[in-house]
Number of protein chains: 2
Amino acid sequence: MVQPVSLSSKISRLNTYLEEKGLKRTLQREIITKIFLSSDTHIGLDNILIKARRKNPKIGSTTVYRTMKLLVDCGLATPRQFGDGRTQYENLPEDDHHDHIICLKCSRIEEFHNQQIEDLQLKMADSLGFKVLTHKLEIYGYCSACR
Amino acid sequence: MVQPVSLSSKISRLNTYLEEKGLKRTLQREIITKIFLSSDTHIGLDNILIKARRKNPKIGSTTVYRTMKLLVDCGLATPRQFGDGRTQYENLPEDDHHDHIICLKCSRIEEFHNQQIEDLQLKMADSLGFKVLTHKLEIYGYCSACR
DNA sequence: GTTTATGCAAACAATTTGCACGCGG
DNA sequence: CCGCGTGCAAATTGTTTGCATAAAC
């Protein structure tokens with residue numbers, strides 16, 4: 001089991017959203033949402049489809065696309081493109097935002113969080129008239145072992 | 001005129017590359033390269049094609065795709081995906097780093113530079129034992145017109 | 001002349017849409 | 001029942017590839 005508390009709170013966020021909009025709770029939406037929420041960091045549509053079909057072989061890719069769009073709309077998922085043409089969805093633990101620092105030699109990825117940087121970003125965005133929803137910060141370099 | 005010095009130095013970088021690889025200098029490549037290099041910051045393939053056809057209506061989209069790939073290979077262009085499905089190419093004056101803020105509704109992209117953020121990143125990386133080579137910061141949200 | 005480049009059309013891949021049917025409320 | 005959801009197939013969109021011809025060297 002993966003973090004039952006935050007998981008169920010997220011599922012209830014989806015359900016609230018569905019109710020507000022007069023949408024329906026279906027088995028497919030539940031399956032797809034659970035797969036996404038228990039994915040580690042990023043997951044692609046192809047992968048979601050494969051896992052979903054293990055639970056219900058009749059699920060179609062259209063439904064996965066549409067459900068993921070729903071999850072984006074209610075703030076549970078963030079779509080990302082890493083340059084290979086496919087969209088990946090990121091599942092971010094809402095209270096644990098982090099950025100990445102990546103070693104270009106050994107590919108080690110470490111995570112960090114710096115509130116000062118976050119605050120400055122908000123200030124920056126605000127001065128440009130933007131309302132921030134999310135952001136991505138990646139630092140590339142050499143780690144202590146490789147430098 | 002836009003920075004004639006750096007522009008011609010970049011064009012000669014392309015020509016050197018072509019020579020090394022035994023490739024040919026053609027009118028199309030010159031037109032497309034100049035359009036790209038004098039574009040402000042980012043430019044998409046559709047836009048390049050339109051401008052190129054104003055100079056030579058027979059230019060095909062295939063050639064634009066292939067030429068932009070060339071420019072990437074010789075280090076003059078950086079491909080970027082901002083989430084609307086199309087690839088944009090960034091023309092960066094090699095010493096002028098900037099970050100991006102992207103509107104998720106209208107796809108408008110603005111640039112900014114904030115030295116405080118850059119400094120904090122260095123400090124952050126240093127405390128993790130990393131030597132920074134480069135980084136990428138993208139903020140996503142709604143712009144003043146869309147919020 | 002030989003080799004690479006071009007432009008068209010066809011192929012591809014990821015995603016979206018139209019529609020008849022099924023299911024949730 | 002009524003309306004939204006689903007899954008299929010067809011349509012769209014961005015990009016790549018095959019091929020005959022044209023241009024560079």
Side-chain angles (χ1 to χ4, degrees), chain A residues 11 14-36 42-50 52-74 77-89, chain B residues 11 14-36 42-74 77 79-89 104 107:
Chain A
I11 288 181
L14 171 63
N15 288 334
T16 306
Y17 180 85
L18 293 178
E19 215 161 315
E20 272 174 10
K21 299 270 182 181
L23 305 176
K24 293 171 180 172
R25 298 170 58 165
T26 67
L27 184 60
Q28 289 89 326
R29 284 180 177 164
E30 194 182 324
I31 291 175
I32 293 167
T33 303
K34 280 187 178 164
I35 288 171
F36 168 70
H42 311 97
I43 189 165
L45 290 144
D46 44 355
N47 242 307
I48 297 175
L49 185 61
I50 290 169
R53 282 192 166 148
R54 284 210 272 270
K55 299 216 170 191
N56 178 347
K58 299 174 66 88
I59 282 185
S61 54
T62 313
T63 303
V64 177
Y65 278 102
R66 288 193 275 226
T67 303
M68 290 313 296
K69 202 162 272 186
L70 258 184
L71 295 184
V72 171
D73 286 344
C74 70
T78 312
R80 306 201 140 206
Q81 330 255 154
F82 289 110
D84 68 338
R86 317 130 165 277
T87 300
Q88 305 244 119
Y89 288 91
Chain B
I11 289 180
L14 171 64
N15 288 334
T16 306
Y17 180 85
L18 293 178
E19 214 162 316
E20 273 175 9
K21 298 270 182 179
L23 305 176
K24 292 170 182 173
R25 299 169 57 164
T26 68
L27 184 59
Q28 289 90 323
R29 283 180 177 164
E30 194 182 323
I31 291 175
I32 293 167
T33 304
K34 280 187 179 165
I35 288 171
F36 168 70
H42 312 95
I43 190 165
L45 291 145
D46 44 355
N47 244 307
I48 297 174
L49 185 60
I50 290 168
K51 292 187 178 181
R53 282 192 165 148
R54 285 211 272 269
K55 299 216 170 193
N56 178 346
K58 300 174 65 87
I59 282 185
S61 56
T62 313
T63 303
V64 177
Y65 277 101
R66 288 192 275 224
T67 303
M68 289 315 296
K69 201 164 272 184
L70 258 184
L71 295 183
V72 171
D73 285 345
C74 68
R80 303 200 143 221
Q81 327 255 156
F82 289 110
D84 69 336
R86 318 128 167 278
T87 300
Q88 305 241 119
Y89 288 90
L104 290 170
S107 296

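Sequence lines set the chain letters: A, B, ... in the order given, protein chains first and strands last, and positions in each chain run from 1.
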A:Q28 side-chain N/O to D:dG7 phosphate OP1/OP2 under 4.0 Å:
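Yes, because at least one side-chain N or O of A:Q28 sits under 4.0 Å from OP1 or OP2 of D:dG7.
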
Within the structure, does a side-chain N or O atom of B:T87 lie under 4.0 Å from either OP1 or OP2 of D:dT15?
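The answer is yes; a side-chain N or O of B:T87 sits under 4.0 Å from OP1 or OP2.
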
Listed by chain and number, what are the side-chain contact (heavy atoms from CB on, under 4.5 Å) partners of [X], not counting sequence neighbours?
X: B:K69; value: none
X: B:T63; value: B:Q28, B:I32, B:T67
X: A:Q81; value: A:T87, B:Q81

Between which nucleotides of DNA chain C, 5' to 3', does chain A make heavy-atom contacts below 4.0 Å?
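Under 4.0 Å from chain A, the extent on DNA chain C is C:dA14 to C:dG25.
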
Is there side-chain contact between A:L71 and A:F36, with at least one heavy-atom pair below 4.5 Å?
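Of all side-chain heavy-atom pairs linking A:F36 with A:L71, at least one is under 4.5 Å.
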
I'd like to check A:L18 versus A:L70 (side-chain heavy atoms, cut-off strictly below 4.5 Å). Are they in contact?
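Side chain of A:L18 against side chain of A:L70, heavy atoms only: contact under 4.5 Å found.
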
What residues from residues 50-61 of chain B pass a heavy-atom cutoff of under 4.0 Å to DNA chain C?
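The answer is B:K58, B:I59, B:G60.
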
Can you list the residues that meet the salt bridge (charged side-chain N to carboxylate O under 4.0 Å, His left out) rule with A:E30, with sequence neighbours excluded?
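Only A:K34 meet the salt bridge (charged side-chain N to carboxylate O under 4.0 Å, His left out) criterion with A:E30.
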
Test of understanding: with salt bridge (charged side-chain N to carboxylate O under 4.0 Å, His left out), list the residues that count as partners of A:R80, not counting sequence neighbours.
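A:R80 satisfies salt bridge (charged side-chain N to carboxylate O under 4.0 Å, His left out) with A:E90 once adjacent residues are dropped.
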
Which protein N or O atoms sit under 3.5 Å from an N or O of nucleotides 19-25 of chain D?
{"unit_1": "D:dA24", "atom_1": "N3", "unit_2": "B:K24", "atom_2": "NZ", "d": "3.0"}
{"unit_1": "D:dC25", "atom_1": "OP1", "unit_2": "B:R25", "atom_2": "N", "d": "3.1"}

side-chain contact (heavy atoms from CB on, under 4.5 Å) evaluation trace for B:L23 with B:R29
CA-CA 11 Å; B:L23 305 176; B:R29 283 180 177 164; 4.1 Å; yes

Starting at atom CD of A:Q81, determine the distance to atom P of D:dT15, rounded to an integer number of angstrom.
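About 11 Å, once rounded to whole Å.
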
Base, sugar-phosphate, or nothing: which does B:K69 touch, judged by heavy atoms less than 4.0 Å apart?
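Sugar-phosphate contact only - B:K69 comes under 4.0 Å of backbone atoms but never of a base.
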
Please name the pair of heavy atoms, one in B:M68 and one in B:A77, separated by the smallest distance, quoted to 0.1 Å.
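Closest approach of B:M68 to B:A77, heavy atoms only: CE-CB, 4.2 Å.
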
For A:Y65 and B:L70, find the nucleotide of DNA chain C closest to each by heavy atoms; which residue's nucleotide sits nearer the 5' end?
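The 5'-side residue here is B:L70.
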
From B:N15 atom CG to B:I11 atom CD1, the distance as rounded to the nearest 0.5 Å:
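Here the interatomic distance stands at 7.5 Å.
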
Upstream residue (5' side of DNA chain D) when A:L18 and B:R86 are each assigned their closest nucleotide:
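Here A:L18 is the residue nearer the 5' end.
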
Would you tabulate the side-chain donor-acceptor contacts of residues 45-57 of chain B under 3.5 Å, counting partners in other chains and residues two or more places apart, or write 'none'?
{"unit_1": "B:D46", "atom_1": "OD2", "unit_2": "B:R86", "atom_2": "NH1", "d": "2.9"}
{"unit_1": "B:R53", "atom_1": "NE", "unit_2": "B:I59", "atom_2": "O", "d": "2.7"}
{"unit_1": "B:R53", "atom_1": "NH2", "unit_2": "B:I59", "atom_2": "O", "d": "2.9"}
{"unit_1": "B:N56", "atom_1": "OD1", "unit_2": "B:K58", "atom_2": "N", "d": "3.1"}

Enter the inter-axis angle for the ends of the helix from C:dG1-D:dC25 to C:dG25-D:dC1 (five pairs per end, rounded to 10°).
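Both end axes considered, the difference amounts to 30°.
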
According to ring-ring contact (aromatic ring centres under 6.0 Å, His included), who are the partners of B:F82, at least two apart in sequence or on a separate chain?
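If we apply the ring-ring contact (aromatic ring centres under 6.0 Å, His included) test to B:F82, skipping adjacent residues, the hits are B:H42, B:H100.
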
